[in-house]
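Step one of this worksheet: look at the structure below.
First the proteins, then the strands, lettered A, B, ... as listed; each starts at 1. The model shown is predicted, which means the values in this text are computed figures rather than measured ones.
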Number of protein chains: 2
Amino acid sequence: MVKIGDVAREAGVSIATVSRALNNHPTVNPELVDRVREAADRLGYRPNGIARNLRRQSTDVLALVISDVSNPFFTAVTRGVEDVAQRNGYSVLLCNADEQPEKEATYLRVAEQEQVAGVIISPHSAGTDVSRLVAAGIPLTVIDRPLGPVAGPREGETRPDARGAFDSVMVESVGGARLATEHLLAAGWVRPGCITGPLDAATAEQRLAGYLAALGAAPREVQPLVARGPFRQAGGRAAAAELLDAAEPADRPDALFVANAPMALGVLEAVRERGLRVGIDLGMVVFDDAPWAPFIEPAMTVIAQPAYRIGERAAELLVARIRAAAGAGPVPPTAQELLTTDLVVRASSLRA
Amino acid sequence: MVKIGDVAREAGVSIATVSRALNNHPTVNPELVDRVREAADRLGYRPNGIARNLRRQSTDVLALVISDVSNPFFTAVTRGVEDVAQRNGYSVLLCNADEQPEKEATYLRVAEQEQVAGVIISPHSAGTDVSRLVAAGIPLTVIDRPLGPVAGPREGETRPDARGAFDSVMVESVGGARLATEHLLAAGWVRPGCITGPLDAATAEQRLAGYLAALGAAPREVQPLVARGPFRQAGGRAAAAELLDAAEPADRPDALFVANAPMALGVLEAVRERGLRVGIDLGMVVFDDAPWAPFIEPAMTVIAQPAYRIGERAAELLVARIRAAAGAGPVPPTAQELLTTDLVVRASSLRA
DNA sequence: TTGAAAGCGCTAACAT
DNA sequence: ATGTTAGCGCTTTCAA
């Protein structure tokens, strides 16, 4: 490996000059800059990032910790984050926690140890522990799911200023879920059920809460019908089976509000296996749009989230905070952004 | 930030002992190990990964450079890589090159500078430059798309031993594409067209080659009908439009072989816009399965790749090579694995 | 403007 | 078995 000393010798200058020349320090003689550049090219010199990071105590890398790479929502978020990061000179390292708390914890530890410049995370649950990151002074933006109070340095102690510890970008989940359910009711379905994620996932709770709120506000009384499963295709299938196979026909839903897109595919499996027809025997609305939603039969009605925008905003807030932490900008006030969702009516929610 | 010296003081030992204790060095008194552990816990010590990497000249991190996070094929590959990596104590950093050569180059540079333990890459084109990685001795496994000869240290020079420079895990693309096209012909479609990726993408060429081979072997002569576009939904839509809108009806395909799944969604858009019905007016086969494929109407016939397995094998080969490079195992012979594809017949390819 | 040298936090070779 | 110390390759004072 060719190092800075080799370049210095080749260019006939000191290593300090090489460092300054390569980092565009203004105080160095332009002629020397050229000589150094050429020498570096000739030798194929590539600065050792690790050494640089150790010295600078910082990196040009952002970590994006998401719950599931195969969920189109998160890939859209990823795009937004990447585009903003790239414009600002950062690389994005994507960490797929895969809905597993241990995997998430591992990535958070790696992020801390490798001293990334900042972290954007969609926490598995409100209990996800980011206290070390906060303590290490690594800027953090939380997306998609809220985080509970951050633990303080001593056990059992929480930081009263936890809210100020990080920015967040969320979506109006409760409202979107309520809108979806009201839409189902308005379309003439009488017993909408709700298929949501696990108890520890905040988004699962919010979407359920919206569903319940809609039922509560309905003119006639409607019995809540709820099933849970992991936020994946298999989870949706099992949960749908649970609801659809209820012993009492009166307990079987005639419509389904599904809390995320991967689950919806599983719900569709269960529906088919039972010979049910969406739009005829069963109404359906899904929280989250997906590329395939317009192409299935009937086309899926969804609550669309501004996924790309969430990624963009999260990255913008993070970059601003990194800059501020480096003293290269004003300290922005803590942001808690709430973006809105859209009901996209296609065919699955309409009675044929 | 609490560092190793602080722990040493707290535990009343030297920093060397702390280092050894925390790294499970066998030669250290178990009683001291406990003392050190406790001291470290008490202080909330977290080793500085950067400093460690600088000293050790290595990392516990693998980089996985893929062309498109939103393609389900790559997310399945990612899962395979992650599972193997985790079992072997590595973290995976996912780098989304997004089909852009510059972005890919940036990530490769980051991987080199941050000295990741190894890289798995699905190269944008055969021209992707991995010479620096090879020169830096970073083990590399190539997946999905082949890489051309690796450039040598001097311009214009190629390394004759380039084939031995890295392992690869690919899929029988040509054969799969040929099978798909033959299936279309056998199902009674008479003018199958091919929608493939850009000229510089090797998989686009391979899939086209398979298509052409099938036409060449057909009993009656069949005119090739080919359109290209970026490997995305919008690319598929534009390419399909090109074929479907041919001035001469005789030049319009009555079936389509589509080279990847994201493109297929775009093709479906174009098909709908023209009021065509898949399975009736138009046969369709897609290279690559996708979670939504069984759920669209009619269900999509696909060439399924063992995506998860590709990721697993790539990671296994990489880990073995990293071990070997560290002297912790035998040097494996260069592997060039070729996995097989499966034709999954659903409804889209059958004449109703 | 340039160079010499200190040190980022850690591991490992060497000394005890 | 434990401690002392020399670096890993770089950036950045400090001195010239």
Side-chain angles (χ1 to χ4, degrees), chain A residues 1-37 39-40 43-61 109-110 112-117 136-137 326-327, chain B residues 1-37 39-40 43-60 109-110 112-117 136-137 326-328:
Chain A
M1 175 195 280
V2 26
K3 32 200 196 180
I4 198 168
D6 302 327
V7 179
R9 202 175 319 109
E10 177 84 8
V13 295
S14 74
I15 59 170
T17 300
V18 174
S19 173
R20 284 191 276 249
L22 263 24
N23 289 292
N24 305 312
H25 230 87
T27 72
V28 53
N29 186 329
E31 189 186 305
L32 281 191
V33 173
D34 286 350
R35 229 161 76 203
V36 169
R37 284 254 150 75
L43 300 178
Y45 170 72
R46 201 59 68 97
N48 179 323
I50 312 243
R52 166 190 297 177
N53 295 342
L54 178 58
R55 181 58 230 236
R56 286 204 191 148
Q57 308 271 62
S58 78
T59 326
D60 291 343
V61 170
R109 209 179 50 238
V110 170
E112 184 195 349
Q113 291 190 356
E114 305 294 329
Q115 306 199 151
V116 298
Chain B
M1 176 194 277
V2 26
K3 31 200 198 181
I4 199 168
D6 301 327
V7 179
R9 201 174 320 108
E10 176 85 8
V13 296
S14 74
I15 60 168
T17 300
V18 174
S19 174
R20 284 190 278 250
L22 263 24
N23 289 292
N24 306 312
H25 230 86
T27 72
V28 54
N29 187 328
E31 188 186 305
L32 280 192
V33 173
D34 287 349
R35 230 163 74 204
V36 169
R37 285 254 150 76
L43 300 178
Y45 171 72
R46 203 55 69 96
N48 180 323
I50 310 243
R52 168 189 296 176
N53 295 343
L54 178 58
R55 180 59 229 233
R56 285 205 191 147
Q57 306 271 63
S58 77
T59 326
D60 292 342
R109 209 180 50 239
V110 170
E112 182 196 350
Q113 291 190 355
E114 304 294 328
Q115 307 200 149
V116 299

Worksheet item: Would you call A:Lys3 and A:Asp6 a salt bridge, using N to O less than 4.0 angstrom?
Response: no

Fill in: A:Arg55 CZ - C:dG9 C1' separation (whole Å)
12 Å

Discussion item. Quick check for you: among C:dT2, D:dG3, C:dA5, whose closest atom lies nearest to any side-chain atom of A:Leu32?
Written reply: C:dT2

Item to complete: Please report, rounded to the nearest Å, how far the P atom of D:dT2 is from the CG atom of B:Asn23.
Response: 16 Å

Discussion item. Base, sugar-phosphate or nothing for A:Ile50? Non-hydrogen atoms, less than 4.0 Å.
Written reply: nothing

Discussion item. Just the rounded figure in Å: distance from P of D:dC10 to CG of A:Leu22.
Written reply: 10 Å

Worksheet item: What are the two closest heavy atoms between B:Val2 and B:Gly44, and how far apart are they?
Response: CG1-O, 3.8 Å

Worksheet item: More 5' along DNA chain D: B:Pro26 or B:Arg56, using each one's nearest nucleotide?
Response: B:Pro26

Worksheet item: Expressed in angstrom and rounded to an integer, what is the separation of A:Asn29 atom CG from C:dG3 atom P?
Response: 10 Å

Practice prompt. Name the closest nucleotide to the A:Val13 side chain, picking from D:dG9, D:dA6, C:dG3.
Written response: C:dG3

Discussion item. Tell me the interatomic distance from B:Arg52, atom CZ, to D:dG7, atom C1', rounded to whole angstroms.
Written reply: 18 Å

Discussion item. Quick check on C:dC10: is either OP1 or OP2 less than 4.0 Å from any side-chain nitrogen or oxygen of B:Ser19?
Written reply: no

Worksheet item: Rounded to whole angstroms, how far apart are CZ on A:Arg9 and P on D:dG9?
Response: 13 Å

Item to complete: Map B:Gln57 and B:Thr27 onto DNA chain D by nearest heavy atom, then report which one ends up closer to the 5' terminus.
Response: B:Thr27

Practice prompt. Please tell me which of the listed nucleotides, C:dG3, D:dT4, D:dT11, lies nearest to the side chain of B:Ser14?
Written response: D:dT4

Discussion item. Over all strands shown, is A:Thr17 touching base, sugar-phosphate only, or nothing at heavy-atom distances under 4.0 angstrom?
Written reply: sugar-phosphate

Discussion item. Using the side-chain heavy atoms of A:Ile4, tell me which of these nucleotides is nearest: D:dC10, D:dT2, C:dA4.
Written reply: D:dC10

Discussion item. Has B:Ser58 got a side-chain atom pairing as donor or acceptor with B:Ala117's backbone, closer than 3.5 angstrom?
Written reply: no

Worksheet item: Hey, is the side chain of B:Asn48 poking within less than 4.0 Å of OP1 or OP2 on C:dC8, counting only N and O atoms?
Response: no

Item to complete: Taking the side chain as every heavy atom from C-beta outward, state whether A:Glu114 and B:Asn53 have any pair of such atoms under 4.5 Å apart.
Response: yes

Practice prompt. Give B:Asn53 one of three labels, base, sugar-phosphate or nothing, depending on what nucleic acid heavy atoms sit under 4.0 Å from its own.
Written response: nothing

Worksheet entry | A:Arg52 and A:Asn23, any side-chain heavy atoms less than 4.5 Å apart | yes

Worksheet entry | Atom-pair distance (CG on B:Leu54; C1' on C:dC8), nearest Å | 9 Å

Discussion item. Could you tell me how far apart A:Asp60 (CG) and D:dT11 (P) are, to the nearest whole angstrom?
Written reply: 11 Å

Worksheet item: Less than 3.5 Å between a donor and an acceptor, one on the side chain of A:Arg20 and one on the base of C:dG3, is that the case here?
Response: yes

